[in-house]
Structure formats: C-alpha cells, structure tokens
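Working notes, structure below.
What you see is a predicted model; the values in this text were computed from it and never measured. Heavy-atom basis, side chains included; hydrogens, waters and symmetry copies ignored.
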Amino acid sequence: MTPDGHSAATYYTAEVGHEKQGPWTYDQVAAMVLGGHCTLATLWWRPGMPQWQRICTFPLPTKSYNLFNAFLAGMRRAVLFSGRSCRAEFWFFLLGVVLLFIALAIVGACTTHASLAFQESLSWFCLALMVYCGVALLAAAARRLHDAGLTTLLLLFLLVPLFGPIGLLPFIVFPSQDTANRHGPRPLLPDE
C-alpha cells in the first residue's frame, strides 16, 4: 500500500516538460520527485482524480526524523562533507549533540568523588568525543548548506569571533531546493 492508501499497482501519469508521460507506478513517480527529475510544480494525474494536480500534493514517501535516528545519522556521516541533509536532520542532530554534552557534564559533576584515574579517563573520553562531534557538526552544516544550494565556503563565518555562528544561522535555515542540485538528489522529506 502507498501512503495515500492505494495499492502499489495504481498508475500515475506525470507531465514533464509539457509532455504527458507515463503510466508509472507510485514508486516510479516518487523516485522521479526525490531524484530531482521533476519539480514540485510538475503536474500529475491518476485514474479517479477529477483534474491534474501539482506534484507537491503527491503523497511522497517520508523519512521521519526524530532525535535518535537523526543523531545516529549525523554520527555515522561525521566526516562526509558532500551530499545533502534536510533541516530536520541537521537540527535534531545539533539538539542530540547538545543533550549528549549536558548528560556528560552531569556525569562529570556526579563523579567528583570518584578516583582520579576514572576522572582522567572521563576527561580524555569527553575531549575525544568533543572533537568528533565538532567535525560531525561541521559536516552536517556543510550538507545543510548544500541542500539549500549554497556553498560550503559560508562555513568561514565560523572563524569570525563571537558573531560567526550568528552570521551563518540565516543560511542554515534556508529551505531545501525542490530538485536535485550539484550536491545530489533532494533528501527525503518530511519537513526539510
């Protein structure tokens, strides 16, 4: 079953480049949209619909992001500065990193009476994790900029003391490009 409740055998037809094309299955149309072969303004129709509609009303497959799976995706792609990341993936990953370091600070505060060797081990672990997460956040920000069709050079804002992250923020919140760009296909929805 597709997200709109139709069977997988339901055929869709899309108008690409002012030509009616198809028929295609739901999966083929979804792959065309996600692969950037048509924009959200492309028209589509299937039997039973009264008229052509914009493809942005098409029930696209979604990749639901929550704190856990976005954090895992960001950690797995820690050194991947190419490709694209939607807004949900980036912001959930950033939230996950912040919560991780809050938890580590609480653990550090609770272990003030622990042995010196344990405290030293925890400090080294936190330092290594901080470096890893810092690189992962830079990579996620680069992928987020790519998703908006912007250049990675905007990360140079981070070199400006105090106001650098504030200068980068407007670019990080840009919406996703509707189609594939030079950095790859459009990431899966739901909310970019």
For F93, enumerate each residue passing the ring pair (Phe, Tyr, Trp, His ring centres under 6.0 Å) test, keeping only those at least two apart in sequence or located in another chain.
->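 Residues passing ring pair (Phe, Tyr, Trp, His ring centres under 6.0 Å) with F93: F71.
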Taking every non-hydrogen atom, the tightest pair across G74 and A136 | O-CB, 4.0 Å
If you look at every heavy atom in L104 and F125, which pair is closest and at what distance?
-> CD2-CE2, 4.3 Å
Is there a side-chain contact between [X] and [Y], using heavy atoms and a 4.5 Å cut-off?
X    : Y    : answer
I172 : W91  : yes
L138 : F81  : yes
C133 : V135 : no

Is it the case that the side chain of [X] and the backbone of [Y] share a donor-acceptor pair, with hydrogens and angles ignored and the cut-off at 3.5 Å?
X    : Y    : answer
R87  : V173 : yes
N69  : L72  : no
Q119 : T111 : yes

Drop me the distance from [X]'s [atom1] to [Y]'s [atom2], to the nearest 0.5 angstrom.
X    : Y    : atom1 : atom2 : result
F174 : L145 : CZ    : CG    : 9.5 Å
R182 : R84  : CZ    : CZ    : 11.0 Å
L129 : M75  : CG    : CE    : 5.5 Å
R144 : L168 : CZ    : CG    : 11.0 Å

With clusters built from Ile, Leu, Val, Met, Phe, Trp and Tyr whose side-chain heavy atoms come within less than 4.5 Å, directly or transitively, what are the remaining members of the cluster of L156, listed by chain and number?
->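 Noted: L156 shares its cluster with L153, L159.
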Hydrophobic cluster (4.5 angstrom, side-chain heavy atoms) - remaining members for V131 =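 Direct or chained contacts put V131 with none.
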side-chain hydrogen bond (donor to acceptor under 3.5 Å, both in side chains): which pairs involve residues 120-143, sequence neighbours left out?
-> S85-R143
Do any side-chain atoms of residues 94-101 form donor-acceptor pairs under 3.5 angstrom with protein atoms, and if so which ones, sequence neighbours left out?
none

Pairs flagged by ring-ring contact (aromatic ring centres under 6.0 Å, His included) wherever residues 139-169 is involved - sequence neighbours left out | H146-H183, F157-F171
Indicate if L162 and V160 have the same hydrophobic cluster label, given that clusters are the connected sets of ILVMFWY residues with side-chain heavy-atom separations under 4.5 angstrom.
->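 Per the 4.5 Å side-chain linkage, L162 and V160 are not co-clustered.
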Common cluster, L80/L155, ILVMFWY with side-chain heavy-atom separation under 4.5 Å |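 No, L80 does not connect to L155 through the hydrophobic network.
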